[in-house]
Amino acid sequence: MFKEKSAGPLPCEGYSNAQLSMLVILRLAIGWHFLYEGISKILNPNWSSIGFLLDSKGLFSGMFHSMAANPDLVNSIDFLNAWGLAAIGLGLITGLLTQIATLAGMVLLAFYYLSHPPLITSEYAIPSEGSYLWVNKNLIEFFALWVLFLFPSGNRIGLDRFIFNRKK
Amino acid sequence: MNKNKTTPNAEKEDNSSKIGRRDVLKGLATLPLLGAFAYGVYKKKNYDRIANSKLRQAVDLSAESPVVFQTQQKDPHIRIGIIGYGIRGPQLLKAAGFAMPSELDKWKESSLKNPSDHRLEDFKAQENLNISITAVCDLFDVNAERALSAAANVGRDGSDGNFVQTAKRYKTYQELLSSGEVDAVIIATPDHWHTDISIAAALKGIHVYVEKGMTRTVEEAFRLRETVKKSNIVFQLGHQGRQTESHMKAREAMEKNIIGKVGLIEVCTNRNSPNGAWVYDIHPDGNPQTIDWEQFEFPCETKHPFSPERFFRWRCWWDYGTGLGGDLLTHEFDAINQIMSLGIPHSAVSSGGVYFYKNKEAGHYVNEVRNVPDIWQVALEYPTRDLTLLYSASLASNKERGKMIMGHDGYMELSDALTIYADRESTLYKEKIEAKIIKPELPIYTYIPGRSTVDAITSPTEKYFASRGLLYTYRGGKRVDTTHLHIKEWIDCIRESIAQDKLIQPSCNIDQGFEEAITAHMATISYLEDRKVFWDADKESVV
Ligand SMILES: NC(=O)c1ccc[n+]([C@@H]2O[C@H](COP(=O)([O-])OP(=O)(O)OC[C@H]3O[C@@H](n4cnc5c(N)ncnc54)[C@H](O)[C@@H]3O)[C@@H](O)[C@H]2O)c1
């Protein structure tokens, strides 16, 4: 049953109320986080990703550093990042195009994680508020979104219900 | 996990084709959260705004870039001579718009490898000052040739460019000054030549930009000041730090009394490499045929046999250099003088020694051990201002320490950025601290060049990057070289003086230079004579 459902178009139909509630709550919490990260960047005229990019370490740091070296690219990254975060947050909260928002959120988190992997050898200028080795909050949020992707709830609780749930 | 717990109700509902009331409710169920979100954001923004504006009322200092002297005059064209083209000379000519083609090749190559290397781009974008290099003079043939190649590079090209030689080489500065080919000179010789060349230029009415330490002795400082004051030249001393925006902002903060009565100022130099300790490379082509040694040593009381070591590492001997005092204390002192108009101290005490760079085996010297210290500390006293300025220098540790100005109501940290904190025991901010409008652990003011808004609630990340000069380095494409601005100010003043038919002097003029020189000399004398040295302000003499 479980297998069949996960392959079908509406895999969320078999949740208990408690399961559905918790999936929605998790979605809302992550959505809130994304939306506020986005809004606070949009509202701060001085915000720029450049410091973050310059501070990159690990396998992909070369790529992030060269992004930082190009002012036009930095401007586009700033724009896409801030509005992207906000749009993803809105999508997750309202349950609109939830699956797309979830995937987009995973892409952003993957970038954050890969640019700042908590390796044994890496030390970052931006002090972190906790202690991390290999696993950090970006990675956990990434996995949480993955779970939400596999257990969608937007077409039950969310605007997607009006889009995807009709005429079955 | 999710075995078989379907909710029959929901399924039925979902399968129906029309949208029912429950459908609408479930579809819109999460929207109220957006209301809560909007409310939260609004409250938070409001809180920040009020906290910020209360702080702005308490600390009235804008985020605007400071206003600097600008002239509309782009004419006449000015003919420049360069005297001394070793390490500093090329930097100055580059700042004036003329770099060696070989140098441009190097920047180009490096920018291909490393896209964050913007030297070539920045140099090409640097404002054209409408000047040309018409004369060069250097005692070392190799350097004179390099200077000629830079002078001819009018198109700012690499080796494959088109060159127009506008300059002639002169063997002595006297010939250069008498050639009639220069309106102004940039002097970047070692310190022991600054005074004689500057005076000779001033007497001929040729404008002077001379490198720091302005003079080598107290007597020279008086002589140079007198000559420049009697002349009709525009004089700029080479402390390019004058152009640093955070210094200008710090001055504004001092004028507005933001940190209260200042008791202590700490400035320093931190270097930890042979280069930092002036143990420079000895050029393989330096020999008695390529170097005019006799002329190099002309100002010295005791003459020495030809020594490439002395020629290329002149800072390590008192015969030519002014030690850490003239070389590095002067930059720090001048910055504080710019910010606080301190003037010459009442007294100076210094101590130190040759503690690190004295090991022949380690390559610290070739034939002769240095006599200029590599570790050196100075205390300058200002009893009329109730404050002390401490300078400490290491040429054997790199630990980064900023400039620090400590007042009763707060303290200032200065680098490219300026950060001001309130003091816990401040009288001025007592009520504001109690009302939590001012938090002593957070800055009450941050100035970051290139940023247009003042924001007390600067993020820690931003502050971190600003303090390391990382932020805004690439923003807007370029970061302007302070030396360029310093030369430009000098050129602007020359043009403005011509236009107004009266002398307009730039920021690091002869009076500022005199204070710089005397202060450094007092500190040096204290070390050499092992005593406290005083300035008699009434008689204007060092005692
Ligand atoms: N403002 C700054 O940040 C800064 C930085 C470095 C050096 N400086 C100053 O610049 C000056 C030069 O320092 P440097 O490191 O370039 O020294 P350097 O030894 O590398 O170069 C000095 C050059 O002057 C030439 N010279 C010596 N006597 C001369 C004379 N009578 N006529 C013509 N040329 C003569 C030498 O041949 C040499 O090429 C010093 O006063 C130093 O304090 C300032």
Side-chain angles (χ1 to χ4, degrees), chain A residues 1-2 5-6 10-20 24 27-28 31-32 35-36 39-40 43-48 50-52 54-55 65-72 74-75 89-90 92-95 125-127 151 153-163 165-168, chain B residues 1-7 9-11 13-19 23-31 33-34 36-38 40-41 44-45 48 63 111 114-118 448 450-455 457-462 464-468 470-478:
Chain A
M1 286 227 108
F2 183 59
K5 260 190 247 134
S6 66
L10 289 172
C12 58
E13 278 162 23
Y15 307 149
S16 73
N17 280 337
Q19 285 171 334
L20 181 62
V24 172
R27 201 185 83 204
L28 292 177
W32 182 292
L35 183 58
Y36 190 65
I39 295 282
S40 58
L43 293 180
N44 176 3
N46 292 314
W47 182 80
S48 166
I50 188 160
F52 186 78
L54 283 172
D55 194 27
H65 292 160
S66 57
M67 287 178 178
N70 180 339
D72 294 331
V74 169
N75 283 334
L90 273 179
L92 291 175
I93 293 178
T94 60
I126 306 172
F151 297 87
S153 60
N155 39 12
R156 290 290 298 281
I157 306 290
L159 296 174
D160 282 345
R161 192 178 178 102
F162 304 127
I163 303 175
N165 243 10
R166 309 173 61 179
K167 307 240 164 83
K168 185 144 178 250
Chain B
M1 73 211 228
N2 190 21
K3 270 269 139 84
N4 215 350
K5 292 181 208 149
T6 48
T7 40
N9 246 356
E11 226 153 89
E13 197 187 2
D14 282 344
N15 288 340
S16 65
S17 53
K18 66 178 198 317
I19 302 173
D23 255 329
V24 174
L25 280 180
K26 286 191 175 178
L28 303 179
T30 58
L31 295 194
L33 195 68
L34 287 181
F37 183 87
V41 170
K44 167 95 178 114
K45 271 274 129 184
D48 288 352
S111 70
N114 173 10
S116 61
D117 185 337
H118 290 282
I448 298 172
R451 236 182 73 159
S452 53
T453 53
V454 71
D455 185 3
I457 307 139
T458 320
S459 76
T461 325
E462 196 173 19
Y464 179 89
F465 285 111
S467 71
R468 276 153 185 78
L470 277 171
L471 209 59
Y472 303 101
T473 312
Y474 310 113
R475 255 287 149 104
K478 64 178 176 191

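A, B, ... follow the sequence lines: proteins, then strands. Residue 1 opens every chain. Bear in mind that the values here come from a model prediction, so they are computed numbers and not experimental data.
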Engineer: If we define contacts as heavy-atom pairs under 4.5 Å, which of A:Ile39, A:Val24, A:Leu28 has the most with chain B?
Structural biologist: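 The option with the most such pairs is A:Leu28.
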Engineer: Tell me every residue that passes salt bridge (Lys or Arg N to Asp or Glu O under 4.0 Å) with B:Lys45, counting only those two or more places apart in sequence or in another chain.
Structural biologist: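 If we apply the salt bridge (Lys or Arg N to Asp or Glu O under 4.0 Å) test to B:Lys45, skipping adjacent residues, there are no hits.
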Engineer: First locate atom OG1 of A:Thr94, then atom CG of A:Asp160, and finally report the distance between them rounded to the nearest 0.5 Å.
Structural biologist: 7.5 Å
Engineer: Would you mind telling me which of A:Leu90, A:Ile93, A:Asp72, A:Leu159 has the largest number of heavy-atom pairs within less than 4.5 Å of chain B?
Structural biologist: A:Ile93
Engineer: Give the ring-plane orientation class for A:Phe151 versus A:Tyr15, where under 30° counts as parallel, over 60° as perpendicular and anything between as tilted.
Structural biologist: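 Judged by the thresholds at 30° and 60°, the geometry between A:Phe151 and A:Tyr15 is tilted.
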Engineer: Which answer fits A:Leu43, side chain, backbone, both or neither, if we ask what part of it has an atom under 4.5 Å from a heavy atom of chain B?
Structural biologist: both
Engineer: Listed by chain and number, what are the ring pair (Phe, Tyr, Trp, His ring centres under 6.0 Å) partners of A:Tyr36, not counting sequence neighbours?
Structural biologist: none
Engineer: Please flag which part of B:Leu31 lies under 4.5 Å from any non-hydrogen atom of chain A: side chain, backbone, both or neither.
Structural biologist: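 It is the side chain, since no backbone atom gets that close.
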Engineer: Go through it in stages, so that I can follow the logic: the residues are A:Leu35 and B:Leu34, the test is side chain to side chain contact (heavy atoms under 4.5 Å, CB included), and I'd like the CA-CA distance, side-chain angles, deciding distance and then a yes or no.
Structural biologist: CA-CA 10 Å; A:Leu35 183 58; B:Leu34 287 181; 4.0 Å; yes
Engineer: Less than 4.5 Å to any heavy atom of chain B: does that hold for the side chain of A:Ile157, its backbone, both, or neither?
Structural biologist: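 For A:Ile157, the contact with chain B is made by backbone and side chain together.
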